[in-house]
Amino acid sequence: MISYEINVDHEAEISNYYRTLGISCGEGDILFRLIMLVLLEKGENEVTQFSDIRKYTDPVADKGSVGSKIKAVILFQGLALKVERGGYVITEKGMVAAEYIKTSTKFYEKWNRFNHIIERFPA
């Protein structure tokens, strides 16, 4: 698996882009993006602690909203399993969702490069 560096500011920029398109959940939700990427970072067989997730989510959200997002979306949809107090393991379904988040990042980066090229064209 290729390493993916999680940059909170870049992920926030990407989620803002998708929200301008009207997509407010999934790739348009910064908390969802960050949580899924952190879970993917550890992998399928490693336990991700809540504190690992909070390292990335603290700049954009408070502890309560992160916990709510994990319970109401991540666990409810079967994207991760709670294995111990404050510990989560990503499921196969969660790995697919996280890979989709990474793909949406690649799409945004290609769109951004293309948009900059078009802006340089003379009118």
Side-chain angles (χ1 to χ4, degrees):
M1 181 186 311
I2 297 172
S3 177
Y4 180 86
E5 184 178 336
I6 302 171
N7 181 338
V8 176
D9 294 330
H10 188 61
E11 295 299 328
E13 179 183 326
I14 295 167
S15 75
N16 284 334
Y17 166 73
Y18 283 105
R19 273 186 280 160
T20 62
L21 297 176
I23 303 170
S24 59
C25 24
E27 60 267 37
D29 183 354
I30 184 64
L31 286 180
F32 182 79
R33 292 183 74 82
L34 292 173
I35 293 167
M36 292 310 299
L37 291 173
V38 172
L39 287 169
L40 182 66
E41 184 178 57
K42 284 283 185 147
E44 198 171 14
N45 300 323
E46 294 289 323
V47 176
T48 303
Q49 296 298 321
F50 188 66
S51 58
D52 297 334
I53 295 170
R54 291 224 19 234
K55 281 192 297 188
Y56 294 100
T57 59
D58 277 352
V60 294
D62 61 329
K63 179 181 175 183
S65 61
V66 175
S68 294
K69 181 66 69 174
I70 290 173
K71 283 187 223 173
V73 178
I74 308 295
L75 295 177
F76 183 72
Q77 295 295 327
L79 303 176
L81 300 172
K82 187 171 184 170
V83 293
E84 58 189 43
R85 182 178 168 91
Y88 305 95
V89 174
I90 192 168
T91 62
E92 189 173 325
K93 185 177 178 181
M95 292 184 77
V96 171
E99 288 295 332
Y100 174 73
I101 294 297
K102 287 172 51 175
T103 302
S104 72
T105 300
K106 290 176 188 171
F107 171 79
Y108 169 77
E109 290 168 350
K110 285 181 184 178
W111 173 85
N112 203 16
R113 276 194 306 261
F114 186 68
N115 197 30
H116 287 351
I117 291 169
I118 289 176
E119 287 176 355
R120 293 192 317 224
F121 284 164

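- We find that Glu99 and Lys102 are joined by a salt bridge, their nearest charged nitrogen and carboxylate oxygen being less than 4.0 Å apart.
- Tyr18 places a side-chain N or O within 3.5 Å of a backbone atom of Ser104 that can act as its donor or acceptor partner.
- Hydrophobic clustering of Ile, Leu, Val, Met, Phe, Trp and Tyr side chains at less than 4.5 Å, counting indirect connections, keeps Leu75 apart from Val83.
- Of the listed residues (Arg54, Glu84, Arg85), just one forms a side chain to side chain donor-acceptor pair (under 3.5 Å) with Gln49, and that residue is Glu84.
- Looking at Phe50 and Ile70, their side chains come closer than 4.5 Å, going by heavy atoms from C-beta outward.
- The environment of CD in Glu92 is sparse: at most 12 heavy-atom neighbours from other residues, nucleotides or ligands sit within 6.0 Å.
- Side-chain atoms of Ile53 and Thr48, non-hydrogen and from C-beta on, do get closer than 4.5 Å to each other.
- In terms of heavy atoms, Ser15 sits closest to Ile30 at OG-CB, 3.7 Å.
- Taking SG from Cys25 and CG from Leu31, the interatomic distance works out to 12.5 Å, rounded to the nearest 0.5 Å.
- The closest side-chain heavy-atom distance from Leu79 to Met36 is below 4.5 Å.
- Once rounded to the nearest 0.5 Å, the distance linking CG of Leu34 with CG of Leu39 reads 11.0 Å.
- Between Tyr88 and Lys42 the shortest side-chain heavy-atom distance does not fall below 4.5 Å.
- Here the options are Arg33, Glu27, His10, the test is side chain to side chain donor-acceptor pair (under 3.5 Å), and the partner is Thr105; only Arg33 passes.
- Side chains of Ile35 and Val73 form no contact here, defined as non-hydrogen atoms less than 4.5 Å apart.
- At least one side-chain heavy atom of Thr91 sits less than 4.5 Å from a side-chain heavy atom of Leu81.
- Residues Glu41 and Asp52 fail the side-chain proximity criterion, which asks for heavy atoms closer than 4.5 Å.
- No donor-acceptor pair under 3.5 Å is formed between the side chain of Asn115 and the backbone N or O of Trp111.
- The hydrophobic clustering, which links ILVMFWY residues whose side-chain heavy atoms are closer than 4.5 Å, places Leu37 and Met95 together.
- You'll find the side chain of Glu11 stays beyond 4.5 Å of the side chain of Val8, heavy atoms only.
- Not a single donor-acceptor pair under 3.5 Å links the side chain of Arg19 to the backbone N or O of Ser24.
- Tyr17 and Val60 are not part of a single hydrophobic cluster, where members link through side-chain heavy atoms under 4.5 Å apart.
- Atom CZ of residue Phe107 and atom CD1 of residue Ile14 lie 11.5 Å apart, to the nearest 0.5 angstrom.
- For the residue pair Val47 and Gly87, the shortest heavy atom distance occurs at CG1-CA, 3.7 Å.
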